[in-house]
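Each chain gets a letter, A, B and so on, in the order the sequences are listed, and its residues count up from 1.
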Number of protein chains: 2
Amino acid sequence: MAQSLPKDQSTEQRILHAAKTVFYRKGLGGARMEEIAREAGINKALLHYYFRNKEQLFERIFLEAFEQLLPQMTAILAQDLPLEQKVQQISDFYNEMLLETPLLPVFVLNYVQSDPEALTKRMISVNASKLMSHLTEQLAQETKAGRIRDVAPQQLIINLLALCVFPYAMKPIVTRLFHMSEDDFRGFSESRKQVVPEVIMAYLKP
Amino acid sequence: MAQSLPKDQSTEQRILHAAKTVFYRKGLGGARMEEIAREAGINKALLHYYFRNKEQLFERIFLEAFEQLLPQMTAILAQDLPLEQKVQQISDFYNEMLLETPLLPVFVLNYVQSDPEALTKRMISVNASKLMSHLTEQLAQETKAGRIRDVAPQQLIINLLALCVFPYAMKPIVTRLFHMSEDDFRGFSESRKQVVPEVIMAYLKP
DNA sequence: GGGTGGTTTAACCAAACGATTAACTTCCTT
DNA sequence: AAGGAAGTTAATCGTTTGGTTAAACCACCC
């Protein structure tokens with residue numbers, strides 16, 4: 001970060017990239033506009049010219065992150081595919097995505113915790129009722145057919161999310177706890193793609 | 001929080017309690033000393049009288065939280081007990097503790113993410129090498145005896161932590177996603193005490 | 001060259017913020 | 001009662017912060 005962003009990008013894009021970098025680490029309250037401007041290699045007044053104020057800039061970054069966290073999963077789970085395939089798809093998606101943006105989970109969860117009321121309207125995009133009815137039906141059929149144990153859809157979703165997302169939220173702690181280099185963590189992330197479905201399917205086995 | 005803390009507590013205790021409330025939600029950068037003072041029902045100058053500055057007050061709160069997150073788990077895992085018992089103990093400990101302080105995980109992870117360098121010295125208290133050697137040996141014995149599958153200790157620890165901790169980090173999202181009341185979430189937390197060991201042990205089954 | 005629209009800059013502003021200060025209050029001991 | 005120590009307060013301070021402003025700059029067109 002000694003030298004800022006390439007100059008061939010538009011100013012708006014450079015601001016967005018810089019804002020993401022700073023907001024992901026410091027959150028809304030901790031991030032400084034001067035810092036974002038420095039990161040983008042621009043004059044601070046441009047932040048206001050392009051994004052009006054801090055909150056609107058943050059909103060832009062947050063929305064994009066939030067869209068990566070839950071809607072993706074609900075979309076995959078809503079597909080007409082065997083359960084095992086969906087679990088694998090989710091594992092692949094999250095492990096790949098989060099390897100590139102490991103700061104995302106804590107960024108989202110932190111903001112949600114600091115301002116829970118702001119969350120309510122955003123949950124609309126998650127389309128939970130459709131997910132729940134679809135998944136509930138699929139689980140019921142699988143259980144009836146004796147292919148899986150009886151499990152509450154909530155528990156399944158939570159387990160899946162936890163196993164996929166939490167290792168990245170814990171990355172600074174994990175890497176120090178296990179003395180992992182960046183390459184070690186990459187290898188770990190790769191192994192998670194298989195471990196997550198194994199854990200989930202083992203639990204589902206009747 | 002309309003009316004602040006009971007006046008029968010010492011000023012220092014009231015400050016600590018208020019600081020915990022505010023720091024857990026807003027983090028170090030987002031919390032305001034004036035807000036903490038208001039929460040404690042005192043004059044702002046007292047914060048400096050008792051805790052010198054913002055950082056030192058925060059440090060006090062953070063240390064306590066961090067001690068709840070990892071050292072507890074390493075202590076349990078280091079015991080000479082059957083694996084299944086240890087898993088159950090961990091599940092019980094975390095689910096009970098986090099039901100009372102659901103904001104703790106995100107509070108810790110957020111600070112760790114905003115200042116990763118500050119984490120390194122604190123990992124010393126985790127005593128990871130003792131944990132790893134002890135757990136590795138136990139897992140090797142269990143595998144050799146054919147009682148569990150071959151599993152890397154890192155994967156086991158991560159799965160366990162993820163399944164125990166993440167639901168609480170996700171509480172605002174979970175409660176809205178599944179339309180849970182506070183009582184619903186309490187029931188959910190209670191069920192997690194059993195689900196976590198079930199998931200873990202199912203995965204370990206050879 | 002002059003005009004237009006868009007972008008960028010340095011300087012400035014008012015409020016917020018963490019921290020300090022001097023005065024006051026309470027309690028205890030002599 | 002006086003003095004000392006610890007605790008508390010309201011006012012003040014210096015710095016930081018998000019945001020604004022006026023001017024400058026740039027590219028393009030007639």
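Computed from coordinates, the A:E12 CD to C:dG6 C1' distance equals 14 Å when rounded to whole Å. Distance, A:N43 CG to D:dC26 C1': 16 Å, rounded to whole Å. A straight line from CD of A:E34 to C1' of D:dT15 spans 14 Å, rounded to a whole angstrom. Note: CZ (B:R38) to C1' (C:dA16) measures 13 Å, nearest angstrom.
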TODO: Apply side-chain hydrogen bond (donor to acceptor under 3.5 Å, both in side chains) to A:R192 and A:S91, showing your working.
DONE: CA-CA 8 Å; A:R192 293 300 290 179; A:S91 181; over 6 Å; no
Open item on the list: Could you walk me through whether A:F188 and A:Y168 satisfy the ring-ring contact (aromatic ring centres under 6.0 Å, His included) test, starting with their C-alpha distance in whole Å, then the side-chain angles of each, then the deciding distance to 0.1 Å, before giving a yes or no?
Closed with: CA-CA 11 Å; A:F188 179 76; A:Y168 300 92; 8.0 Å; no
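With C:dG18, D:dG19, D:dT9 as the candidates, the nucleotide lying closest to the side chain of A:M33 is D:dG19.
Remark: A:A45, A:L46, A:Y49, A:Y50 in residues 44-62 of chain A come within less than 4.0 Å of DNA chain C through at least one heavy atom.
Using a 4.0 Å cut-off, some side-chain N or O of A:T11 falls inside it from OP1 or OP2 of C:dT8. Here A:R32 reaches the OP1 or OP2 of D:dG18: one of its side-chain N or O atoms lies under 4.0 Å away.
In terms of heavy-atom proximity, B:R25 sits nearest to A:Q113 at NH1-O, 3.0 Å. A:V151 and A:L204 make their closest contact through CG1-CD2, 3.5 Å (heavy atoms, listed as atom of the first residue, atom of the second, distance). Of all heavy-atom pairs between B:L109 and A:A169, the closest is CD2-O, 3.7 Å.
With B:F51 as the aromatic partner, B:R60 does not meet the cation-pi criteria of under 6.0 angstrom to the ring centre and within 45 degrees of the ring axis.
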